[in-house]
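Just so we're on the same page: letters track the sequence lines, and every chain starts at 1.
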Amino acid sequence: MKWLVLRAFNTLTGRKEEVDLPKDRPVRIYVCGITPYSSTHLGHARPAVFWDTVAKYLEYRGNEVYMVQNVTDVNEKVWTRSQLEGVGEKELARRYNREYEDVLEDLGITTIDEYPWVSDHIDEIIDMVEALIEQGHAYQVDEDVFFDVSTFERYGQLSGQSPDELVAGARVEVDERKKHPADFALWKSPTENQPSWPSPWGQGRPGWHIECSAMAIKFLGFGFDFHGGGTDLIFPHHENEIAQSEAYADDSPFVRCWIHHGMITGEDGKMSKSLGNFVTADELLSEYRPEVVRHFLLSAHYSTPLKYSEEIMKKSQRAFDRLISCVQSLDQLLDSNPEEDVPLADSEAEEVYAVADEMKREFCSAMDDDFNTARALAALFGGVRKVNGFINTPDFALSADVKQALADVKDQLEICSRILGVWPEKGILQDDAGPDTVGLESEAQQELVQLLIEVRQEAREKKLWGIADKIRDGLAELNIRLEDTPQGTRVRSTREG
RNA sequence: GGCGGCGUAGCCAAGUGGUAAGGCGGGGGUCUGCAAAACCCUUAUUCGGCGGUUCGAAUCCGCCCGUCGCCUCCA
């Protein structure tokens, strides 16, 4: 496979640019993670699924990937919530982080190499703040330390606004001790009895922003390849990250390409806790299979807002069903013996190979073009449609050559699907049929279903349609659907989730 | 008020200079004992509006409208 250039939209420059992928070292990626103070919702799942897909794609492309996602466990929100629940800040963070990790595991996210915690990097943070003070980029007031925005001429580059413009519309009252209203805290004294750490400026806590700079530089070095996060983090978080990091290193750029994903929205705007319109990842995963959730999250380009609704989830469910159905058809053909002396077997096989090639080409072209997962999904399903069309033609015959070509197309479907995470990882009947379905363990249930199919088949051969339909209808009520195909009766679970 | 994103069929969504992918839904057919699934045909003379550049614009430029986000320690 000959790779073309990868292009990505860089928030810093505001345009799509070519990204040279390093050949002698891993692609280094930092993605803003969560603040573990409440349940994981869909908005947290989007970046995780998106970046997991990017990493898997880059690996498929032949690049190693090293990806880091932080855990902001020292933070006002964590503190506030811990007070409400009457537990320690650390304990609360651990609990919600565990929940987040479980969701990531359910969603098949396997590409994140490090999850650094802020509370484990206080030393690095203090070192960085000290250096910034020495360099004249930061100043101490009482027991707080602020970054001096006026010493960094590129301030505002990412968000496209000057410090004064930012201040003009500010809705918060400004700390009078700051030299410039846009200055931000690097280190601050604790309120009440918050956990705090000793520092040259007294007991205190890191400000927001500084932890990401310190941890990104520690794990990835200065000038790494991609930095991801939500559009809501562009200002102030990422703007400040750039300022303090580039000031600290006296170098530029801190990040080669900034990628910001759009917000998940509910019926009334951005999904957030304060609006109460969020859907937790757990809720969704109890209703839909992870592959379906991934399909939904990848069905629009990462940069656009994505509206959640029950209806749209049903669409993703159907799309996933379509993929499964195609794979099952392929499996059945690959399990059967090829016919001999099939006319035109060569050209038929060529046709199938062409489907696989075209799908792969279009898939890669979509991913290379600013990680366009919506287009990649379209390429995948285009392949599904063509395969279905091919094996459904009236004069379709399974020659040995065609069989081999179909095996190839199935491999390609699997490769593309696995990158996106929509490949049915777990069996469709076996794992779906929990005890609630028919009150039996799955293996016993399978055997039972097989028996029923055989009985029904005998009934059909004797044209006892009433009995045959009773079995089919009865199983349908248990969410087990029977489909009669020329290759025999196929079993499908219609249970969602 | 400032900055940025977005606006494509009933719905979701690709398409960033060469004449509108795909999916869902709808309509018609094929297959089937009947179904289901699948397949085939069909469903936007036009891309929020108005101007401009160009042989040619959904694509580039300007203005306007709508919408979302940020300017609050939010993914």
Side-chain angles (χ1 to χ4, degrees), chain A residues 9 11 14 16 31-35 37 40-48 50 72 74-80 156 158-162 164-173 182 184-185 188 207-209 228-237 239-240 260-265 269-274 296 299-301 303-307 309 311-312 314-316 318-319 321-322 324-326 328-329 362 366 369 372 374-382 384-385 387-394 460 463-465 468-469 472-473 476 481-486 490 492 494:
Chain A
F9 184 89
T11 310
K16 225 188 261 188
V31 181
C32 275
I34 57 154
T35 301
Y37 74 100
T40 303
H41 62 72
L42 257 181
H44 301 120
R46 186 180 201 185
F50 169 68
T72 307
V74 180
N75 170 291
E76 299 305 313
K77 286 198 167 175
V78 183
W79 169 251
T80 307
L158 187 70
S159 54
Q161 303 216 88
S162 71
D164 293 331
E165 285 171 328
L166 286 163
V167 170
R171 287 173 274 170
V172 211
E173 46 196 286
F184 55 93
K188 53 210 226 181
W208 191 31
H209 323 306
T231 53
D232 55 348
L233 293 179
I234 294 171
F235 187 89
H237 186 53
E239 190 72 71
N240 293 351
H260 288 98
H261 61 264
M263 300 291 104
I264 304 271
T265 58
K270 177 179 164 185
M271 194 172 276
S272 74
K273 299 185 179 142
S274 46
F296 161 65
S299 64
H301 186 257
S303 67
T304 63
L306 181 58
K307 201 181 335 174
S309 69
E311 195 190 345
I312 201 142
K314 296 266 183 286
K315 287 179 184 171
S316 286
R318 296 198 62 141
D321 288 345
R322 217 172 131 72
I324 290 173
S325 178
C326 179
Q328 285 180 328
S329 301
E362 174 52 24
D369 183 13
N372 196 327
R375 243 180 81 196
L377 236 18
L380 179 70
F381 284 90
V384 167
R385 193 181 90 254
V387 168
N388 282 333
F390 184 82
I391 63 185
N392 274 292
T393 47
R460 290 180 72 211
K463 300 197 191 300
L464 301 171
W465 309 123
D469 291 349
R472 187 173 64 196
D473 295 345
R481 188 164 67 204
L482 300 186
E483 296 170 3
D484 301 318
T485 74
R490 183 198 291 169
R492 297 196 49 198
T494 51

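The side chain of A:Q161 has B:rG2 as its nearest neighbour among B:rG2, B:rG69, B:rA13. Side-chain atoms of A:K16 lie closest to B:rU16 of the nucleotides B:rA14, B:rU16, B:rC70. Of the listed nucleotides (B:rA13, B:rG15, B:rG69), B:rG15 has the atom at the smallest distance from the side chain of A:D369.
Distance, A:K314 NZ to B:rG23 C1': 17 Å, rounded to whole Å. Rounded to a whole Å, the CG atom of A:N75 is 13 Å from the C1' atom of B:rA75. To the nearest angstrom, P of B:rC70 lies 11 Å from CH2 of A:W208. Remark: P of B:rC70 and NE2 of A:H261 are 12 Å apart, rounded to the nearest angstrom. In this structure, the CG atom of A:L42 is 11 Å from the C1' atom of B:rA75, given to the nearest Å. Here B:rU72 presents its P atom at 14 Å from NZ of A:K77, a figure rounded to the nearest Å. For the pair A:E239 CD and B:rG4 P, the computed distance is 13 Å after rounding to whole Å. Here B:rC74 presents its C1' atom at 15 Å from CG of A:N240, a figure rounded to the nearest Å.
Between A:E76 and A:F235, the residue whose closest nucleotide on RNA chain B is further toward the 5' end is A:F235. Residues A:G230 and A:A379 both approach RNA chain B. Their nearest nucleotides, taken by heavy-atom distance, put A:A379 toward the 5′ side.
Residue contacts shown for A:F381 are absent, as no nucleic acid heavy atom lies under 4.0 Å away. Among the heavy atoms of the strands, none lies under 4.0 Å from A:I234. Residue contacts for A:A300: at a heavy-atom cut-off of 4.0 Å it reaches the sugar-phosphate backbone alone, with no base atom in range. Residue contacts for A:G382: at a heavy-atom cut-off of 4.0 Å it reaches no nucleic acid atom on any strand shown. Here A:G228 lies out of heavy-atom contact (under 4.0 Å) with every strand. Contacts of A:R46 with the nucleic acid, taken as non-hydrogen atoms under 4.0 Å apart, are absent.
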How would you summarise protein contacts on nucleotides 5-12 of chain B per nucleotide, using B for base, S for sugar-phosphate only and - for none, with heavy-atom distances below 4.0 Å?
------BS
List the protein contact pattern of nucleotides 25-38 of chain B with one symbol per nucleotide (5' to 3'): B for base contact, S for sugar-phosphate-only contact, - for none; contact means a heavy-atom distance under 4.0 Å.
S-------BBBBSS
Strand RNA chain B in bracket notation, Watson-Crick/G-U under 3.5 Å with | for pairs to another chain:
((((((((.[[[..)..(...]]]((((((.......))))))....[[[[[..)....]]]]])))))))....
I'd like to know whether A:D321 forms a salt bridge (Lys or Arg N to Asp or Glu O under 4.0 Å) with A:R318, so could you lay out the CA-CA distance, the side-chain angles of the two residues, the decisive distance to 0.1 Å, and finally the verdict.
CA-CA 5 Å; A:D321 288 345; A:R318 296 198 62 141; over 6 Å; no
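Relative ring orientation between A:H237 and A:W208 is described as parallel, the plane-to-plane angle staying below 30° on a 0-90° scale split at 30° and 60°.
A distance of 11.0 Å separates CG of A:N388 from CZ of A:F381, quoted to the nearest 0.5 Å.
The C1' atoms of B:rG15 and B:rC6 are separated by 15 Å, rounded to the nearest whole Å. Nucleotides B:rU72 and B:rC65 place their P atoms 25 Å apart, quoted to the nearest Å.
Residue A:T35 comes nearest to A:V78 through the heavy atom pair CG2-CG2, 3.5 Å, listed as atom of the first residue, atom of the second, then distance.
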